[in-house]
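Below is one structure, written out as structure tokens; the observations come after it.
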Amino acid sequence: MDAIYDPQRIEAKWQQRWAEMKLFEADVDPERKKYYVLEMLPYPSGALHMGHVRNYTLGDALARYLWMKGFNVIHPMGWDAFGLPAENAAIKHGRPPAEWTFSNIEVMRGQLKRLGFSYDWRREIATCAPEYYRWNQWLFLKMYERGLAYRKKSRVNWCPECETVLANEQVINGCCWRHEETAVVEKDLEQWFLKITHYADRLLEDMKHLVRWPERVLTMQRNWIGKSHGTFVDFRIEGLDDSLRVFTTRVDTIFGCTAVFIAPDHPMVEKLIALSKSPQKLREDADRVKASSVRARVEVNLEKLGADTGFRARNPFSGALIPVWLANFVLTEYGTGAVMSVPAHDERDFEFSTDYNLPIKTVIVPQNGKLKEPLEEAFVEYGRLVDSGKYSGLTSEQAIERMTVDAEAGGFGQGTVQYRIKDWGISRQRYWGTPIPILYCDKCGIVPVPEADLPVVLPSEVKLTGQGKSPLETVSEFVNAACPRCGGKARRETDTMDTFVDSSWYFYRYTDPQITLGPINQDAVRYWFPVDQYIGGIEHAILHLIYMRFFTKVMQDIGLVEFSEPVARLFTQGMVLKDGSAMSKSKGNVVDPTEMCAKYGADTVRLYMMFAAPPEKDLDWSDAGIEGAWRFLNRVYRLVEKHKVTLQVSNAGSLEPNLGIESLSSDERRLLRKAHQVLRHVTEDMEYRWHYNTDIAMCMELTNELAESEVAFAAGKIRKEVFRLAIEFLLVALSPFAPHLADELWEALGHSEPILKFPWPAFDPELAAEDELELPVQVNGKLRGRIRVAANASEEQIRQFALEDEKVKQYLNGKQVVKIVLVPQKLVNVVVK
RNA sequence: GCGAAAGUGGCGGAAUUGGCAGACGCGCCAGACUUAGGAUCUGGUCCCGCAAGGGGUGGGGGUUCGAGUCCCCCCUUUCGCACCA
């Protein structure tokens with residue numbers, strides 16, 4: 001042990017020793033209770049950022065604590081290694097994506113190791129390895145067999161910057177999730193989809209198992225799925241054989257329907273144009289409305305725009321003839337692409353009808369009241385029906401039910417459930433991803449690649465241009481293949497999979513990353529699952545975290561797993577900011593973990609990350625703050641360094657020397673009380689609250705207490721074993737956050753095994769308790785004095801002390817004591833008149 | 001616009017169930033050691049006031065012996081959703 005704290009030397013030493021001891025390697029052991037700690041795997045972009053460090057430090061602290069609590073802890077790490085940046089880098093610098101990716105992984109693995117995280121590196125995976133993505137293909141084929149993967153031509157979101165298609169989940173405010181400034185454009189393309197809509201109800205239903213997920217995430221998922229009950233109603237169009245089907249959740253308002261609105265790109269629009277008296281004008285109107293439609297917009301507020309088609313439709317309930325209008329705010333892809341307009345009871349219809357002078361007819365009134373006519377705004381709540389024929393007088397709830405039944409009986413409608421979520425488009429017109437294992441044969445059509453032929457390996461010699469076509473199309477050896485059915489000529493699918501497929505099941509693979517018999521080792525999964533604690537950023541709430549749940553349900557249906565939810569508990573940590581905004585290269589405000597480790601060491605970086613804010617909150621990086629963490633670790637180091645010779649014992653091992661509470665001096669009692677209080681706080685916090693900032697504050701308090709006890713220790717008023725025990729408690733409490741330093745000092749005290757090998761000590765409630773209390777005394781709620789009483793003093797005694805206190809007495813002069821409120825352990829309040 | 005969360009010293013943040021507001025750290029002030037200090041140690045540090053005392057957790061009201069914490073109204077910030085019929 002050096003005289004001066006040298007984190008570089010200490011951290012290298014302990015990382016090497018932990019690796020030699022295989023300290024973090026866990027294997028299936030039915031005798032022991034397992035715990036699965038999982039953190040979101042990083043994309044190998046080139047370097048770790050502070051957000052990663054925070055995420056992984058949180059997981060590491062928990063994992064180390066659980067090891068000491070006796071759990072068999074699986075704590076793996078891997079690489080989300082397919083993706084666009086690799087391909088873009090390749091285009092820019094002429095380096096193959098694989099080379100770029102693997103060299104980034106080298107760098108970032110080195111960073112993780114430098115930080116000393118407790119990963120079982122035997123379990124490392126990279127999703128771009130054929131041994132891994134082969135099973136993406138396998139799972140895809142299983143879905144294909146079940147009709148859960150299908151191909152269809154559809155309108156898709158295209159990012160001109162990425163030169164590829166995006167999933168709905170990847171479009172934010174009409175722009176690309178990677179390029180916030182780039183508006184998404186629409187294209188009609190043949191695409192592969194995964195039928196997540198088939199699981200919409202189960203994704204909702206199973207949320208009841210996710211009691212330890214943040215409510216925020218569940219709410220976002222619930223909104224994204226967007227289940228709503230309603231009714232289809234068919235409106236016959238005059239002069240046409242067809243009827244127009246609308247979807248409504250408020251069929252009770254249908255007697256107030258004064259128009260039907262249809263999306264400008266609704267399939268029926270072409271038909272209407274063809275039959276129109278003025279087709280020229282109608283086409284122009286349709287184009288104009290379409291140009292301003294919801295899908296085309298990027299800005300937030302859309303002016304409502306519409307045009308009368310000249311056609312009329314008959315309301316099947318009231319028999320009224322009403323105009324059919326084109327409207328730019330009607331979404332083609334939701335419901336039926338057409339709605340009934342009830343301006344009196346829908347805000348949007350009200351606005352539109354006011355603008356275009358369409359009539360407004362009230363058919364719902366509040367349960368016990370009237371509406372002021374003419375309406376100033378739509379009345380959208382449930383109420384009682386008026387002016388609605390035989391339905392008048394019913395409540396909205398009753399009417400919805402009865403009218404839906406009547407529509408079904410009359411053959412002009414039916415009850416239905418609609419979802420906002422759509423199937424997951426996974427085709428990407430890019431190179432660096434999992435090839436979709438499909439062939440197109442002139443004779444046989446779509447033919448899946450036989451399982452035995454997997455993996456379909458991504459060719460390595462590919463010219464990348466980023467020009468909006470699948471690069472694989474240019475590789476004739478890849479494209480041209482024999483049809484597995486007829487042996488004839490076939491073409492391979494040249495699109496690759498969305499990389500969110502890779503991350504939808506990777507955490508299963510960790511439990512046996514080398515297995516070649518199937519995607520997962522079911523025995524290992526049975527032992528290790530579910531993931532007990534998953535930690536990551538909130539930004540994946542409706543991307544990864546919903547896809548991952550979907551995949552598990554598919555795997556359950558295939559018989560691969562026996563449960564429907566993979567993650568028992570989710571924690572979403574806050575972001576790491578610099579000067580109030582996210583760190584980014586373009587802003588030039590990036591704090592580099594490697595630099596920080598070189599300057600202060602990993603323990604300081606980790607400690608600061610945990611100390612600066614509670615983990616769920618955003619953390620603003622502060623250079624002064626990390627200095628404070630550094631100084632604290634130096635204080636701890638010097639404290640032990642100073643006393644180690646005195647405290648060393650050859651046969652050290654026990655954290656609980658036999659010290660009877662009654663034999664302690666008052667100085668000893670005070671020091672040990674603090675030590676046990678700290679341990680109590682950290683232990684309870686580790687179990688459920690995770691406010692590590694307060695745990696570290698407690699460690700600082702104990703360090704201060706130890707420093708203050710040095711005089712008494714030198715004077716022999718504190719015995720060696722007591723002082724030593726307090727230091728050991730400090731090191732234990734600190735070890736999840738600053739593990740290298742803790743081990744170095746632990747060893748200096750004479751221990752031959754790392755701290756992780758010791759069971760987490762139990763605190764003694766009796767020792768942690770105060771034996772004398774200082775109670776505040778209030779008079780009429782204002783603090784007036786303090787009394788010292790024994791912890792076991794009777795209420796009677798406390799009352800008496802309180803009333804006798806000199807300062808309190810002054811305020812009681814000439815007043816009548818009405819009552820005395822006594823809160824045990826907390827305070828006394830004397831109420832006077 | 002709708003929904004959720006949050007507003008506490010100069011700063012990051014404590015106060016877990018209604019019970020001493022400001023733990024712990026940063027910063028700042030003073031002092032010690034020192035050739036020196038951006039090292040270390042000691043003391044101080046919510047505001048007003050010499051003091052006694054008074055005020056104080058975004059603003060206003062309420063419940064309570066007692067409110068940062070509970071209730072109502074308002075303001076601000078952040079996040080999510082934004083024509084989903």
Side-chain angles (χ1 to χ4, degrees), chain A residues 4 172-174 214-217 219-220 222-224 226-228 230-231 246-251 253 261 293-294 297 300-302 304 327-331 333-342 345-349 351-352 380 418-422 538-539 541-542 574-575 580 607-608 611-614 616-629 631-632 634-635 638 681 684-685 688-689 691 693-704 707 774-786 818-832:
Chain A
I4 290 172
I172 318 283
N173 287 332
E215 197 46 52
R216 199 149 75 103
V217 173
T219 303
M220 283 166 75
R222 222 174 267 124
N223 292 341
W224 185 256
K227 181 177 184 174
S228 67
T231 314
V246 305
F247 170 69
T248 179
T249 56
R250 293 296 303 274
V251 70
T253 65
F261 295 159
S293 81
V294 180
R297 99 208 129 107
V300 172
N301 282 314
L302 175 84
K304 289 198 173 33
N328 65 343
F329 67 91
V330 178
L331 300 166
E333 65 285 347
Y334 181 77
T336 61
V339 301
M340 63 181 208
S341 166
V342 185
H345 306 295
D346 182 283
E347 283 169 31
R348 298 152 300 185
D349 298 344
E351 189 190 331
F352 190 93
V380 298
Q418 294 291 306
Y419 298 89
R420 185 182 183 273
I421 193 172
K422 289 190 229 91
I538 186 82
E539 67 274 14
I542 50 166
M575 291 194 302
L607 188 89
Y608 169 64
F611 181 63
E616 70 278 6
K617 279 187 68 170
D618 286 349
L619 181 161
D620 207 342
W621 179 271
S622 141
D623 292 330
I626 194 169
E627 284 283 344
R631 285 206 291 255
F632 168 62
N634 272 282
R635 285 189 75 197
R638 284 195 303 269
H681 189 278
E684 288 173 355
D685 198 73
Y688 63 90
R689 208 174 69 130
H691 278 202
N693 53 330
T694 63
D695 299 339
I696 294 165
M698 290 297 273
C699 289
M700 290 171 169
E701 286 187 34
L702 179 53
T703 306
N704 294 342
E774 195 183 65
L775 287 186
V777 181
Q778 299 179 332
V779 178
N780 283 349
K782 284 197 189 290
L783 181 66
R784 297 304 183 189
R786 295 170 194 283
V818 180
K819 73 166 163 177
I820 299 172
V821 181
L822 197 149
V823 185
Q825 316 282 310
K826 294 287 185 188
L827 59 45
V828 183
N829 187 11
V830 184
V831 186
V832 297

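Just so it is clear: chains get the letters A, B, ... in the order the sequence lines come, proteins before strands, and each one is counted from 1.
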All N/O pairs under 3.5 Å across the protein-nucleotides 52-57 of chain B interface:
residue, atom, partner, partner atom, Å
G54(B), OP2, Arg784(A), NH1, 3.3

What residues form a side chain to side chain donor-acceptor pair (under 3.5 Å) with [X], not counting sequence neighbours?
X         : answer
Ser341(A) : none
Gln418(A) : Thr416(A)
Lys227(A) : Asp201(A)

Touch check for [X], heavy atoms < 4.0 angstrom, all strands: base, sugar-phosphate only, or nothing?
X         : value
His681(A) : base
Asp618(A) : sugar-phosphate
Glu774(A) : base
Thr219(A) : nothing

Less than 4.5 Å apart, any side-chain heavy atom of [X] and any of [Y]?
X         : Y         : result
Met340(A) : Thr253(A) : yes
Arg222(A) : Thr219(A) : yes
Val831(A) : Asn780(A) : yes

Open item on the list: Quick one: does any side-chain atom of Arg250(A) pair with a main-chain N or O of Val380(A) as donor and acceptor, under 3.5 Å?
Closed with: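 A pair under 3.5 Å: yes.
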Rounded distance in Å - [atom1] ([X]) to [atom2] ([N]):
X         : N      : atom1 : atom2 : value
Leu827(A) : A15(B) : CG    : P     : 19 Å
Tyr608(A) : G13(B) : OH    : C1'   : 11 Å
Leu783(A) : G22(B) : CG    : C1'   : 15 Å
Glu684(A) : U16(B) : CD    : P     : 13 Å
Leu822(A) : C20(B) : CG    : C1'   : 15 Å
Asp685(A) : A14(B) : CG    : P     : 11 Å

Measuring from the side chain of [X] (C-beta onward, heavy atoms only), which nucleotide among [options] has the closest atom?
X         : options                : result
Phe329(A) : C83(B), C20(B), U16(B) : C83(B)
Tyr688(A) : A15(B), U16(B), U40(B) : U16(B)
Tyr334(A) : G12(B), A14(B), A85(B) : A85(B)

Using the [atom1] atom as the reference point in each nucleotide, state the distance between [N] and [M] in Å, no decimals.
N      : M      : atom1 : answer
G1(B)  : C71(B) : C1'   : 26 Å
G19(B) : C11(B) : C1'   : 29 Å
C70(B) : U76(B) : C1'   : 22 Å
A14(B) : C24(B) : P     : 14 Å
G27(B) : C2(B)  : C1'   : 42 Å
G10(B) : C81(B) : P     : 36 Å
G80(B) : C20(B) : C1'   : 39 Å
G25(B) : G9(B)  : C1'   : 14 Å

Task: side-chain contact (heavy atoms from CB on, under 4.5 Å) between Ser228(A) and Phe247(A), worked out - done: CA-CA 11 Å; Ser228(A) 67; Phe247(A) 170 69; 4.0 Å; yes
Using a cutoff of under 3.5 Å, can you pull out all pairs of nitrogen or oxygen atoms linking the protein to nucleotides 64-68 of chain B, with atom names and distances?
residue, atom, partner, partner atom, Å
C65(B), O2', Asn829(A), ND2, 3.3
C65(B), O2, Asn829(A), ND2, 2.6

What are the two closest non-hydrogen atoms of [X] and [Y], and how far apart are they?
X         : Y         : answer
Phe352(A) : Ala327(A) : CE1-CB, 4.0 Å
Asp349(A) : Val342(A) : OD2-N, 2.9 Å
Met220(A) : Ile542(A) : O-CG2, 3.6 Å
Phe261(A) : Val330(A) : CB-CG2, 3.8 Å
Pro776(A) : Leu783(A) : CB-CD1, 3.5 Å

Task: Salt-bridge criterion met for Arg689(A) and Glu616(A) (N-O under 4.0 Å) - done: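 Result for this pair is no, no salt bridge flagged.
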TODO: Using heavy atoms to find the nearest nucleotide of RNA chain B for Ala338(A) and Arg638(A) separately, return the residue whose nucleotide is more 5′.
DONE: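 Between the two, 5'-proximity favours Arg638(A).
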Task: Residue whose nearest RNA chain B nucleotide is more 5′ - Leu775(A) or Ala612(A) - done: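 Per heavy-atom nearest nucleotide, the more 5' residue is Ala612(A).
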Task: Separation of Met575(A) CE from Lys617(A) NZ (nearest 0.5 Å) - done: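 One finds 13.5 Å between NZ of Lys617(A) and CE of Met575(A).
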Open item on the list: To the nearest 0.5 Å, what is the distance between CG on Leu775(A) and CG on Leu822(A)?
Closed with: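 Between Leu775(A) CG and Leu822(A) CG, I get 7.5 Å after rounding to 0.5 Å.
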Open item on the list: Using the side-chain contact (heavy atoms from CB on, under 4.5 Å) criterion, which residues pair with Glu539(A)? Sequence neighbours excluded.
Closed with: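 Glu539(A) satisfies side-chain contact (heavy atoms from CB on, under 4.5 Å) with no residue once adjacent residues are dropped.
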Sub-3.5 Å pairs of nitrogen or oxygen atoms, protein against nucleotides 6-8 of chain B:
none

What does the list of N/O pairs under 3.5 Å between the protein and nucleotides 79-81 of chain B look like, with a distance for each?
residue, atom, partner, partner atom, Å
C79(B), O2', Arg216(A), NH1, 3.2
C81(B), O3', Arg420(A), NH2, 3.2

- [ ] Return the set of residues passing ring-ring contact (aromatic ring centres under 6.0 Å, His included) with Trp621(A) (not counting sequence neighbours), or none when no residue passes.
- [x]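 With neighbours one apart ignored, the set is Tyr608(A).
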TODO: Please check the phosphate of G12(B) (OP1 and OP2 only) for any side-chain N or O of Asn693(A) closer than 4.0 Å.
DONE: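 No.
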Task: Stem list, RNA chain B (Watson-Crick or G-U pairing under 3.5 Å, at least 3 consecutive pairs) - done: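 Consecutive-pair runs (3 or more) involving RNA chain B: B:1-7 with B:75-81, B:10-12 with B:24-26, B:27-32 with B:40-45, B:46-48 with B:53-55, B:58-62 with B:70-74.
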TODO: Quick one: classify the glycosidic conformation of G9(B) as syn or anti, with syn meaning within 90° of 0.
DONE: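 With its glycosidic angle within 90° of zero, G9(B) counts as syn.
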TODO: For nucleotides 24-34 of chain B, just jot down a letter per nucleotide in 5' to 3' order: B, S or -, based on protein non-hydrogen atoms under 4.0 Å.
DONE: BSSS-------
Open item on the list: Working note: Asn704(A) + Arg635(A), criterion side-chain contact (heavy atoms from CB on, under 4.5 Å); need CA distance, chi angles, decisive distance, verdict.
Closed with: CA-CA 9 Å; Asn704(A) 294 342; Arg635(A) 285 189 75 197; 2.6 Å; yes
TODO: Would you list the pairs meeting salt bridge (Lys or Arg N to Asp or Glu O under 4.0 Å) in which at least one residue belongs to residues 693-704 of chain A, sequence neighbours left out?
DONE: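 For residues 693-704 of chain A: Lys674(A)-Glu701(A).
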Task: Quiz item: Lys304(A) side-chain donor-acceptor pair to C83(B) base, under 3.5 Å - done: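 Pair found.
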Task: NZ or CZ of Lys304(A) within 45° of Phe329(A) ring axis and under 6.0 Å - done: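 Judged by the rule, Lys304(A) and Phe329(A) form a cation-pi pair.
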